[in-house]
Amino acid sequence: MDRADLITALSSAIAAAPTGESAMQQAVRLLKDAVPYYTWVGIYVVEGDELVLGPFIGKPSPHMRIPLGQGICGAAATAKATIVVDDVNADARYLACSIETKSEIVVPIMRGDTVLGEIDIDSDQAAAFGPADRALLEPVAAMLAERLEEE
Ligand code: SME
C-alpha cells in the first residue's frame with residue numbers, strides 16, 4: 001500500500017470507528033502492518049500530568065505511564081511538536097523500551113493548543129524516520145484528535 005492509500009485507509013477507519021479507543025486501535029494496527037520499519041507503534045493519552053499508554057503493537061513497554069516532563073514522549077508533549085530522534089542511545093532524554101530500538105518519532109495529538117496524546121513509533125533501524133513519516137503521521141494525529149476526549 002502506498003502512503004496516499006494508507007492515509008485514505010486510516011482516515012476511513014478512524015472516522016468509522018465506534019469509539020475513540022477503537023479509532024486508536026485501528027490506527028495502530030494499520031500503521032504497524034503497512035510500514036515494515038515501524039517496529040513498535042503505540043498511542044499515549046494525556047491523563048492529568050502523565051502520558052498513559054493506550055493501544056500499542058510490539059513488545060510490552062516498561063513505560064506504561066510517563067510524567068509529562070520525562071522521556072522523548074514528555075519532551076514532545078511539552079514542545080507541542082513532533083520530535084524525531086535518529087539515535088536514541090545518543091539522546092539523554094530517551095527512556096528505553098527495547099534494547100533493539102535505534103530511532104524514534106513522537107507526534108503530538110493536538111486539539112488547538114491542547115495536547116490530548118501522542119503517536120509514538122520506534123524502529124530497530126537507525127535514523128529510520130524522515131519527512132515522509134511526518135507527512136504520514138501528523139495528519140493521522142489530527143484525525144485522532146477528532147476522536148479523543150479532552151481530560
Ligand atoms: N522511548 C520513549 C518511551 C516510550 S517507549 O519507547 C514505548 C521515551 O523516551 O519517551
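First listed ligand is number 1; within each ligand, the first listed atom is number 1. The figures here come from the full heavy-atom set of this structure, side chains too, leaving out hydrogens, waters and symmetry mates.
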Heteroatom distance test ([X], ligand 1): nitrogen or oxygen, under 3.5 angstrom:
X: L95; result: yes
X: I72; result: yes
X: C73; result: yes
X: E104; result: yes
X: H63; result: no

Give the atom numbers and elements of ligand 1 that come within less than 4.0 Å of a heavy atom of [X].
X: Y44; result: 4 (C), 7 (C)
X: D120; result: 4 (C), 5 (S), 6 (O), 7 (C)
X: D122; result: 6 (O)
X: Y94; result: 1 (N), 9 (O)
X: S61; result: 5 (S), 7 (C)

Proximity to ligand 1 by part of F56, non-hydrogen separation under 4.0 Å: neither
Part of V88 within contact of ligand 1 (heavy atoms, under 4.0 Å):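 Within the 4.0 Å criterion, V88 makes no contact with ligand 1.
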Evaluation steps, side chain to side chain contact (heavy atoms under 4.5 Å, CB included), between L144 and L116: CA-CA 9 Å; L144 287 168; L116 303 180; over 6 Å; no
Plane angle bin for F56 and W40 - parallel if under 30°, tilted between 30 and 60°, otherwise perpendicular: parallel
Identity and separation of the nearest protein heavy atom to atom 7 (C) of ligand 1: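 The protein heavy atom lying closest is C97 SG, 3.2 Å.
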Nearest heavy atoms of A96 and P62, plus distance in Å: O-CG, 3.7 Å
Minimum heavy-atom distance between L30 and A13, given as atom pair plus value: CD1-CB, 3.7 Å
Note: R3-D133 ion pair, threshold 4.0 Å (strictly below):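 Salt bridge present between R3 and D133.
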Shared hydrophobic cluster for V41 and L10 (ILVMFWY, side-chain gaps under 4.5 Å):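 They do share one cluster, since a chain of ILVMFWY contacts under 4.5 Å joins V41 to L10.
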T39 side-chain N/O to D124 backbone N/O, donor-acceptor pair under 3.5 Å: yes
Polar contact flag, side-chain donor to acceptor under 3.5 angstrom, S98-E100: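 There is such a pair between these side chains.
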Sub-4.5 Å side-chain heavy-atom contact between Y94 and T101: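 Yes, close enough: below the 4.5 Å cut-off.
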